[in-house]
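Take a look at the structure below.
Since this is a predicted model, take the numbers as computed values, not measurements. In what follows, chains carry the letters A, B, and so on, assigned in the order in which the sequence lines appear, proteins first and then strands, with residues in each chain numbered from 1.
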2 protein chains.
Amino acid sequence: MLSIGTMSRKTGTKVQTVRYYEQIGLLPEPGRSEGGQRRYTDDDLDRLAFIRHARQLGFSLDAIRELLALADNPRQPCANADSIAARQLRQVEKRIMRLQALRTELRRMIDECNGESIADCRVLEVLRDHSECLTEHEDIGA
Amino acid sequence: MLSIGTMSRKTGTKVQTVRYYEQIGLLPEPGRSEGGQRRYTDDDLDRLAFIRHARQLGFSLDAIRELLALADNPRQPCANADSIAARQLRQVEKRIMRLQALRTELRRMIDECNGESIADCRVLEVLRDHSECLTEHEDIGA
DNA sequence: CTTACAAGCTACAGCAGGTAGAGCTTCAAG
DNA sequence: CTTGAAGCTCTACCTGCTGTAGCTTGTAAG
């Protein structure tokens, strides 16, 4: 039986985060010791590792919930899991494109600045003057 | 004098967000009409546009606060503004690299899946089996 | 067996950066 | 003068945690 601290160490998850995952129903309520401390099984550890790994790949907790549900009954075709992953891939690709556009604009802004006085700082100017903006405003996706 | 709705429309900011920016001190408290509605100047509009544009470039509200402070007294050298922008650029570059690594792993995961049954779904397998993980992590296995 | 202290417990607050709704008041066109 | 859009304040909620306060339990040494 594993303590919450062991779970934490083995997966690189903060103790509070483990409790948080339980609270939101990603991890099952574990057994308890005499004194009321959580005691986990190896299956719980696997599940937590799965969650953490998916988080590292950028899956949302909701997506992870879906993936866990799929993993829990292995009789269906895996097209569902694939489509969740594909959706995630598309999101990642979109974010990359967006960030690359930002990078371009930031570089341009910085390159053009001569470092003289604030009064004619190119960086501030670009921020001020929206007509120079390359990005149309829609969403500020993170 | 501009209403909050006009400010909102002209900058693509939600009305609540404009009030939020005021609340956290990014926008000054505007004048009010007889009946207590906010009335903005063109300067306020410029300031809001500046904020929104910086947000679109991914600057944090704190960074924007700094940039606004710099823009407000134009007698200093603009090295400060430059360094804020450079910091932002580094962050963006880091995020791009990270997302590219994620993209690679996601693609690999999806490509390898044959779409048969959940039981041997490659996507779930990769998530389960940490030893296949490219992103380094500590002592899960041992 | 006692003591010391790390580790665990619950409960709640807070972060960024907003967004949504309730329930009311004001503005402006017709 | 009416009516409906737009504005107001206040509060709660979102994601994905993280931190703190104030207590209790587990465990190893002495």
Side-chain angles (χ1 to χ4, degrees), chain A residues 1-27 29-40 44 48 50-68 87-88 91-92 95 98 102 137-142, chain B residues 1-27 29-40 44 48 50-68 87-88 91-92 95 98 102:
Chain A
M1 286 311 217
L2 312 164
S3 70
I4 197 169
T6 306
M7 295 280 280
S8 160
R9 242 173 299 109
K10 293 218 179 202
T11 60
T13 316
K14 303 236 157 159
V15 165
Q16 288 109 308
T17 305
V18 179
R19 288 195 283 248
Y20 171 71
Y21 288 158
E22 175 186 333
Q23 196 187 305
I24 62 169
L26 274 190
L27 286 176
E29 288 184 29
R32 298 280 181 148
S33 72
E34 291 281 299
Q37 299 193 355
R38 286 170 180 78
R39 291 296 177 254
Y40 293 95
D44 294 330
L48 178 55
F50 183 104
I51 294 168
R52 292 298 347 192
H53 195 180
R55 285 296 296 140
Q56 277 164 24
L57 288 171
F59 288 91
S60 72
L61 293 180
D62 265 2
I64 292 172
R65 214 185 292 275
E66 293 181 71
L67 288 169
L68 282 168
R87 198 174 65 204
Q88 177 63 19
Q91 275 174 24
V92 166
R95 262 184 260 170
R98 177 150 175 76
L102 292 189
H137 55 223
E138 331 184 350
D139 74 306
I140 296 188
Chain B
M1 287 310 217
L2 312 165
S3 70
I4 197 170
T6 307
M7 295 281 279
S8 160
R9 244 172 297 109
K10 293 217 180 201
T11 60
T13 316
K14 304 236 158 156
V15 165
Q16 287 109 307
T17 305
V18 179
R19 288 196 283 249
Y20 171 70
Y21 288 159
E22 175 186 332
Q23 196 186 306
I24 62 168
L26 274 190
L27 285 176
E29 288 185 29
R32 299 279 182 149
S33 71
E34 292 279 299
Q37 300 193 354
R38 287 170 180 80
R39 291 296 176 254
Y40 294 94
D44 294 330
L48 179 55
F50 183 105
I51 294 168
R52 294 291 4 192
H53 195 180
R55 285 296 294 138
Q56 278 163 23
L57 288 171
F59 288 91
S60 71
L61 293 181
D62 266 2
I64 292 171
R65 216 184 291 275
E66 293 182 71
L67 288 169
L68 282 168
R87 197 174 65 204
Q88 177 62 18
Q91 276 173 24
V92 167
R95 258 185 263 170
R98 177 155 171 72
L102 292 188

d(CG, B:Asp62; C1', C:dG17) in whole Å: 11 Å
Atom pair distance, as rounded to whole Å: CZ in B:Arg65 and C1' in C:dC15: 13 Å
Phosphate OP1/OP2 of D:dC17 contacted by A:Arg55 side-chain N/O (<4.0 Å): yes
Partner set under side-chain contact (heavy atoms from CB on, under 4.5 Å) for B:Tyr40, not counting sequence neighbours: B:Leu2, B:Ile4, B:Met7, B:Val18, B:Glu22, B:Pro30, B:Arg38, B:Asp44
Atom pair distance, as rounded to whole Å: OH in B:Tyr20 and P in D:dC14: 17 Å
Any A:Leu48 side-chain heavy atom under 4.5 Å of A:Leu26 side chain: no
A:Ser8 side-chain N/O to A:Lys14 backbone N/O, donor-acceptor pair under 3.5 Å: no
Rounded interatomic separation in angstrom, taking CG from B:Leu27 and P from C:dG18: 12 Å
Spacing of A:Ile4 atom CD1 relative to D:dG26 atom C1', expressed in whole Å: 15 Å
Donor-acceptor contact present, side-chain B:Arg55 to main-chain B:Phe59, <3.5 Å: yes
A:His53 side chain near A:Thr11 side chain, heavy-atom distance below 4.5 Å: no
Short side-chain N/O contact to C:dG18 OP1/OP2 from B:Arg52, under 4.0 Å: yes
Distance below 4.0 Å between A:Arg38 side-chain N/O and C:dG8 OP1 or OP2: no
Length of the line joining B:Phe59:CZ and C:dG18:P, which is rounded to integer Å: 15 Å
Rounded distance in Å - CD (A:Gln56) to P (D:dG16): 15 Å
Residues that B:Arg39 engages under side-chain contact (heavy atoms from CB on, under 4.5 Å), provided they are two or more places apart: B:Met1, B:Ser3, B:Ser33, B:Gln37
Sugar-phosphate, base or nothing in reach of A:Tyr21, heavy atoms under 4.0 Å: sugar-phosphate
Side chain to side chain, A:Ile24 and A:Arg65, heavy atoms closer than 4.5 Å: yes
Below 4.0 Å: OP1/OP2 of D:dG26 and any side-chain N or O of A:Ser3: no
Between C1' of C:dC9 and OH of A:Tyr40, the distance in whole Å: 12 Å
B:Thr17 side chain near C:dT19 phosphate (N/O to OP1/OP2, under 4.0 Å): yes
Sequence-aligned protein contact record of nucleotides 20-30 of chain C, with B where the base is within under 4.0 Å of a protein heavy atom and S where only the sugar-phosphate is: B-----BS---
